[in-house]
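Quick notes on the structure that follows.
Both backbone and side-chain heavy atoms feed into the values below; hydrogens, waters and symmetry mates do not. In what follows, chains carry the letters A, B, and so on, assigned in the order in which the sequence lines appear, proteins first and then strands, with residues in each chain numbered from 1.
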Number of protein chains: 2
Amino acid sequence: MKKLKLLDIASALGISKTTVSKVLNNYSDVNQFTRIKVLDYVRKVGFEPNRQASFLRTKKTKTVALILPRLENDFFTKIQEGILKVSQENDYSLSVATSYDCFETEKKLVSQFLNRNVDAIFLSISHQTINFDHLIEIQKQGKILVLFDKIEKTLDCPKVIIDDRKASFIATEHLIKNGCKQILHFRSGYKPQISIDRYLGYRDALNKYNIPFDKEKVIVCEITDEKNGFSAAKKAFELGMKIDGLLAGSDHAAIGAIQFFKNKKLSIPKDISVVGFGNWKLSKFSTPSLTTVDQSAIQMGEEIFKIFLEEKLLESRDESPSNKTHTLSANLIVRESSTKNL
Amino acid sequence: MKKLKLLDIASALGISKTTVSKVLNNYSDVNQFTRIKVLDYVRKVGFEPNRQASFLRTKKTKTVALILPRLENDFFTKIQEGILKVSQENDYSLSVATSYDCFETEKKLVSQFLNRNVDAIFLSISHQTINFDHLIEIQKQGKILVLFDKIEKTLDCPKVIIDDRKASFIATEHLIKNGCKQILHFRSGYKPQISIDRYLGYRDALNKYNIPFDKEKVIVCEITDEKNGFSAAKKAFELGMKIDGLLAGSDHAAIGAIQFFKNKKLSIPKDISVVGFGNWKLSKFSTPSLTTVDQSAIQMGEEIFKIFLEEKLLESRDESPSNKTHTLSANLIVRESSTKNL
DNA sequence: TTCTTTATCGAAATCGATTTCGAATCTCTT
DNA sequence: AAGAGATTCGAAATCGATTTCGATAAAGAA
């Protein structure tokens, strides 16, 4: 029960494998009767050409690679889901890997994927990445690079991000309109662009409503998980801050903080209104349910793959990569944790 | 800036590409001085052989494929996480796809992956799958097949499952020990093995504690999501059942049911104790927090890949696939939703 | 010294497709 | 009827590695 080869088809039909290949690749110099004969036979025996051989010849693998900083994260999972949906529809294969937010791992993965001749690499840069030579190498080798989420502006490739600054602005504005005047903000590190943008959006809103900015009210949590959310809230408390609102860096951090506030017998949202970030599944089911920013990650994933397809078109016309930054808008999902007047 | 080929290395060193290849593949008929010379040079220029070419020759792609019924599901996400961790450590590439629980899609994916010459396919069978020829084909082509979660016992390949029957037994026993005597059970369809096993575990526990089984108390939800959990609870209510416990088919279904019970002013766990299934993230943060069965999915993923490695060993010794069913134990995580005496 | 063995190397075949280019046939002008 | 042009085909080169097998030289045995 060996696998059929091009040659088997050809000799069965009494023609050359060249012609069979031409039919399968829609060459025009094939008589329509032979074409039909081949197509019928191919369909009948269910022949599919060995991809490996054609990859070697054409240098195209119909495979795209996705490198995520981590997997245990709804946001990235959804991005994968979006990419997978569209890539599968287009008969592309998707290879997934995680950098575990480690620079060395990221470099190694990129090099491995290049060796495997993937057509494109979709990447959210790791926290630790400090140098971008490995990404430039991707383009040097004629592969398509699409950055998303944690991007690097100086690189000459299409980028997809959420408008975090605006989202953060809207979330903060929502708190203000609900009567908050002392708004705490948990941000992740100083470097990540998303952290910067969210911080700026927060300040934009304070500015617009003439609320004085208080440096102390911005607390850095390198990783915005429950534990850090909890301890950040504790820290604010111990510093004796007066607080009536919180814009957290993630739903998890928000929930950690709520946990702390509850322990202190504070009522959410009456005493402190809270807004998270991410619209993770748990945000809907926590008590109180959490107002949060939905990042429409699935849509982002779909967008990423579509951009890749466009880039391929550009490339086929010998044009250079687009370099455009695609900004998707996030939207606020208002739930119990921030609606004092309910 | 072209990519280096074997021939480039060879002529730079004044030897043949055969010898270079032999060094890289640890052949013994190479002089140790030439070997070192080659290795040094290869390291210096950072040469890596074109995978596509070697794949064509060797028929091994160092790629494994994972086909999941769906992605928006913590359980499968964690399985992927486990597989990815170990596969990455072993320099394997992981291709992911979803069947969307559709038989046709599953068949198509399997055929595509076979054409791409993946070394193994890891698969959780789709709900709709009624025929297994496509899976037998995997083995006919000498590829390794590992089934998990939704498996098919008649197939001759290694399988990895959770001991759902026992887990379900423990969960039900836990409810009984907490004083429940009228335990509702939501199960998914009649065919899936996990649904059957969980149902059996439920009955095992009833038997052990001499609690009469009431057919009416088992409600089928094809898809165990919140909506169906909600309506299943509603149905039980409308049928006028007396209930003091619920073993749901998933955390989501449990939470949907809790939502309904809350609407009816019933207290959880006082009036009705609830146990979910899956230990999804939200279970920890729902109110009340949800007692649930943790399926240790990450570990399951790791196990799957390790089994693949073992199978490869078997294969290299020309032995037939192992056919063993690996049963991992799940453990109960007790939280508020089921502890009446707190 | 002659014959065997062993160590080391490389030419050539191979994997299975794609693609170039020239040959053969047929049609259509003039 | 001859030449131009279009149509259809296939032999052979190619992609870049792996692997077989024979050649050569060196070492050891008789």
Going by atom types alone, do T129(B) and S126(B) pair a side-chain donor with an acceptor below 3.5 Å? yes
Select base, sugar-phosphate, or nothing to describe what T58(B) touches, counting heavy atoms under 4.0 Å on all strands. sugar-phosphate
To the nearest 10 degrees, what angle separates the axes at the start and end of the helix from dT1(C)-dA30(D) to dT30(C)-dA1(D), five pairs each? 60°
Ion pair present between K306(B) and E310(B), side-chain N to carboxylate O less than 4.0 angstrom? no
For S16(B), which residues count as a side-chain hydrogen bond (donor to acceptor under 3.5 Å, both in side chains) partner, sequence neighbours excluded? T19(B)
Salt-bridge present (E81(A), K85(A); N to O < 4.0 Å): no
For residues 143-155 of chain A, please give each side-chain donor-acceptor pair under 3.5 Å, one per line with the distance, not counting sequence neighbours.
| from | atom 1 | to | atom 2 | distance (Å) |
| --- | --- | --- | --- | --- |
| K143(A) | NZ | N117(A) | OD1 | 2.9 |
| E152(A) | OE2 | T154(A) | OG1 | 2.6 |

Got a list of side-chain donor-acceptor pairs under 3.5 Å for residues 64-76 of chain A, not counting sequence neighbours?
| from | atom 1 | to | atom 2 | distance (Å) |
| --- | --- | --- | --- | --- |
| R70(A) | NE | D101(A) | OD2 | 3.2 |
| R70(A) | NH1 | E72(A) | OE2 | 2.8 |
| N73(A) | OD1 | F75(A) | N | 2.8 |
| N73(A) | OD1 | F76(A) | N | 3.3 |
| D74(A) | OD1 | K281(B) | NZ | 3.2 |
| D74(A) | OD2 | K281(A) | N | 3.3 |

Counting the atoms with a prime plus P, OP1 and OP2 as sugar-phosphate, which does S54(A) contact under 4.0 Å by heavy atoms, base, sugar-phosphate, or nothing? sugar-phosphate
Between E104(B) and K107(B), is there a side-chain N and carboxylate O pair less than 4.0 Å apart? yes
Expected list for residues 10-20 of chain A near DNA chain C, using heavy atoms below 4.0 Å, is K17(A), T18(A)
Who pairs with N26(B) by side-chain hydrogen bond (donor to acceptor under 3.5 Å, both in side chains), at least two apart in sequence or on another chain? none
Just call it for K22(B): base, sugar-phosphate, or nothing, with non-hydrogen atoms closer than 4.0 Å on any strand. base
side-chain hydrogen bond (donor to acceptor under 3.5 Å, both in side chains) filter on T77(B), not counting sequence neighbours, yields none
Quick one: side chains of residues 43-53 of chain B, donor-acceptor pairs under 3.5 Å with protein atoms, not counting sequence neighbours, listed by atom name and distance.
| from | atom 1 | to | atom 2 | distance (Å) |
| --- | --- | --- | --- | --- |
| E48(B) | OE2 | S111(A) | OG | 3.1 |
| N50(B) | OD1 | Q52(B) | N | 2.6 |
| N50(B) | OD1 | A53(B) | N | 3.2 |

Is there any ring-ring contact (aromatic ring centres under 6.0 Å, His included) pair reaching into residues 90-110 of chain A, and which pairs are they, with sequence neighbours excluded? Y92(A)-F305(A), Y92(A)-F308(A), F103(A)-H134(A)
Bounded by its outermost nucleotides with an atom under 4.0 Å from a heavy atom of chain A, the footprint on DNA chain D reads dT8(D) to dG16(D)
Quick check on contacts: within residues 29-51 of chain B, what sits under 4.0 Å from DNA chain C by heavy-atom distance? D29(B), V30(B), N31(B), T34(B)
Salt bridge (Lys or Arg N to Asp or Glu O under 4.0 Å) partners of D133(B), counting only residues at least two apart: none
Inspect the contact between K62(B) and D91(B) and indicate whether a charged nitrogen and a carboxylate oxygen are less than 4.0 angstrom apart. no
